Amino acid sequence: MSTDPEKPTEQESDVTRREFLGTAGAALVVAAAVPGVAVEGQTARPAGTPSRPRTQIRLTVNGAQRRLEVDDHWTLAEMLRDHLRLTGTKLGCERGECGACTVILDGKTVYSCSYLAVWADGKSVTTVEGLAKNGALDPLQQAFVVHDAPQCGFCTSGQLMSAKALLSANPAPTVAEVHAALAGNLCRCSNYSRIAEAVVAAGAAGATRRTSGGGQ
Amino acid sequence: MKTFANANARSVQDAARRARDARQTGQHASFAGGGTDLLQLVKERIVSPDLIVNLKTIPNLSQVTRSSKGVSIGGLATLDAISRDETIRRDYPVLAEAAASVATPQIRNVGTIGGNIAQRPWCWYYRNGFPCYKNGGNQCFSFAGENQFHAIFGGGPSYIVHPSDTAPALVALGATIRIAGPSGERAVPASEFFVLPRQNAAVENVLADDEVIASVDLPSPVAGTRSRYFKVTDRETWTHAVVSAAVVMQMEGETCRAAHVVLGGVAPIPWRLPNVEQMLADQPITEDLAARAAEAAVAGARPLSHNAYKIPMTKGVVRRTVLQVAGKT
Ligand code: FES
Ligand code: FES
């Protein structure tokens, strides 16, 4: 799909990825603070291209209410990456096999490459950008850093989302439970043992924080 | 991906009518339950819908409802929900285990029971766009080609294997499939839902183009019923059964009163073994009987050039699952 000539490319956008990375935080705050703003996130279409079925949807993205007009055939990954510029969600296979595109939709992990954006109407989606709070990494992300869970890093955001969903349902999982919950996320660098180690450690640390009455 | 319109269905009849109306204007319509597999087929240009009818917006279609007659599972219930449902885990473990064995957590979170039993084959010729029976063509490339994962029973003229894990479980449980069309509903026993290629090689089941699966209904289990799903795969995750068995037995002490034994991964439909079921009925389950049942299970198997290994594998799966259900391992 990434070679689809019909698809808007990065070049069509008026922000480069780098500029965007510098301002994304501010942009999201504005969108969140003005929920009634006109439909956002549309990409200008060159004149003369055939019209395509579009639908207005409302959804929550990383806690912020969004109202968007999407092409019916956009995948959720396409909407997030190409139109909301949330490029932390990665595309590997684009066919529901690798897990790089994993996001959390209403509490459950889904392959965003294999789910249409219009189907997310009324739902709440969390991407890897939604894990850090107030500039501080989520303890799970911190554990990934400490345990060297990312190698090349391409699978990391998907692994984090599967792990986050697991920890929400099962706060202190065993290694076997981690492997089962992350079975839909491939790591081409094959760093599976470090990834599982990080998730188990994040769970154990969370359990310690809870019993000692600490934060979180 | 090609463009198409999405229509959110309000009821199963509404969904069926939208599909029918689209066809009457010369458009191609597809239903999306979870939609994962449909979108892969669209991306691969194997299916080219002008309209996708989204079933996820139909109220209550994902509910599991208990009644005195048994359990009714809405066609949109996810495989994840089925694998976790307490009633299903307690009364129909074969189905909970089959659902839990499908693909990956992300796919089970969106994949539905209706989509799982109505999924298209995963034969590599079909999935790679070869002009085979399943792609509107007139031959099966696996017969003279790469057929290591293909059928040893019921093949010809197509040699696909049915890819669903839940389908053998549903046949073994005596489920009924409730189907909604534009002008009403019909109920079909799971054992009659699937279609052999010799009946119609282009399809895998009796669904018309404008019909959707409204529910899968399971009868209340008879006292003493025990069941298991056992699946052999060539890797640990995200794959279909090379060989699997759904075994449901009504036990009275050591004795099996009635058995249902249905194989996955070996035939174009869930493959029921009536001769094995008869052998097991009213017999105490012993190692010896299980071994004889395993021999009987492969009577009539016709392997292709690269899949004869499925014969000893099928024997092992039948023997082992029968013993497990009887509590002998
Ligand atoms: S990019 Fe979605 S699963 Fe690989
Ligand atoms: S860290 Fe490279 S793919 Fe997982």
Side-chain angles (χ1 to χ4, degrees), chain A residues 1-4 6-7 49-55 57 70-78 93-123 158 161-163 165-166 169 177 179-186, chain B residues 1-9 22 27 30 32-46 48-58 62 76 78-81 83-84 100-112 115 119 122 127-128 233 235-239:
Chain A
M1 260 200 328
S2 48
T3 54
D4 189 335
E6 291 179 353
K7 191 167 112 175
T49 44
S51 75
R52 292 171 286 195
R54 308 199 93 201
T55 301
I57 61 169
V70 298
D71 277 17
D72 284 10
H73 75 282
W74 283 354
T75 63
L76 183 55
E78 209 168 342
C93 64
E94 290 215 54
R95 49 187 295 158
E97 289 177 0
C98 75
C101 66
T102 303
V103 299
I104 298 176
L105 192 68
D106 282 355
K108 294 279 186 181
T109 53
V110 305
Y111 291 139
S112 63
C113 73
S114 302
Y115 197 91
L116 291 183
V118 297
W119 297 341
D121 189 22
K123 297 186 188 295
M161 301 322 287
S162 285
L166 168 66
E177 287 167 338
H179 282 309
L182 272 56
N185 293 79
L186 300 185
Chain B
M1 190 157 40
K2 90 177 274 296
T3 60
F4 47 74
N6 173 78
N8 292 331
Q27 293 195 312
S30 296
T36 309
D37 192 28
L38 173 64
L39 294 185
Q40 308 327 324
L41 292 169
V42 175
K43 290 176 190 176
E44 299 290 341
R45 298 185 164 81
I46 291 169
S48 298
D50 304 296
L51 176 72
I52 287 184
V53 180
N54 176 24
L55 307 177
K56 283 185 273 292
T57 43
I58 300 175
S62 56
L76 221 70
T78 65
L79 297 166
D80 178 70
S83 72
R84 295 174 194 278
S101 80
V102 175
T104 63
Q106 289 94 325
I107 288 176
R108 295 194 294 276
N109 285 341
V110 292
T112 63
Q119 71 186 300
W122 283 80
R127 293 276 164 169
N128 282 294
T233 56
R235 58 175 185 237
E236 239 182 87
T237 193
W238 205 159
T239 193

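Letters go in sequence order (proteins before strands), and every chain restarts at 1. Not measured: the values here are computed from a predicted model.
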Of the backbone (N, CA, C, O) and the side chain (C-beta and beyond), which part of [X] lies under 4.5 Å from a heavy atom of chain A, both, or neither?
X: Asp37(B); value: neither
X: Glu44(B); value: side chain
X: Ile52(B); value: side chain

Short side-chain to backbone donor-acceptor contact, [X] and [Y], under 3.5 Å:
X: Lys56(B); Y: Trp119(A); answer: no
X: Trp238(B); Y: Gly96(A); answer: yes
X: Asp72(A); Y: Asn6(B); answer: yes

### Query
Under the side chain to side chain contact (heavy atoms under 4.5 Å, CB included) test, which residues partner Asp121(A), sequence neighbours left out?
Ile57(A), Arg58(A)

### Query
In terms of heavy-atom pairs under 4.5 Å, which option from Ala165(A), Gly99(A), Ser114(A), Gly122(A) contacts chain B the most?
Ser114(A)

#### Entry: Which atom of Ala181(A) lies closest to which atom of Pro105(B), heavy atoms considered
O-CG, 3.6 Å

### Query
Nearest heavy-atom pair of Ser162(A) and Gln106(B): which atoms, and what distance?
OG-NE2, 3.3 Å

Residue [X] versus chain B: region with a heavy atom under 4.5 Å:
X: Ala180(A); answer: backbone
X: Val118(A); answer: side chain
X: Ala183(A); answer: both

Roughly how far, to the nearest 0.5 Å, is [atom2] of [Y] from [atom1] of [X]?
X: Thr109(A); Y: Asp80(B); atom1: OG1; atom2: CG; answer: 8.0 Å
X: Glu78(A); Y: Met1(B); atom1: CD; atom2: CE; answer: 6.5 Å
X: Lys43(B); Y: His73(A); atom1: NZ; atom2: NE2; answer: 11.5 Å
X: Leu116(A); Y: Leu38(B); atom1: CG; atom2: CG; answer: 8.0 Å

### Task
Output all residues satisfying salt bridge (charged side-chain N to carboxylate O under 4.0 Å, His left out) with Glu97(A), sequence neighbours left out; order by chain, then residue number.
Arg95(A)

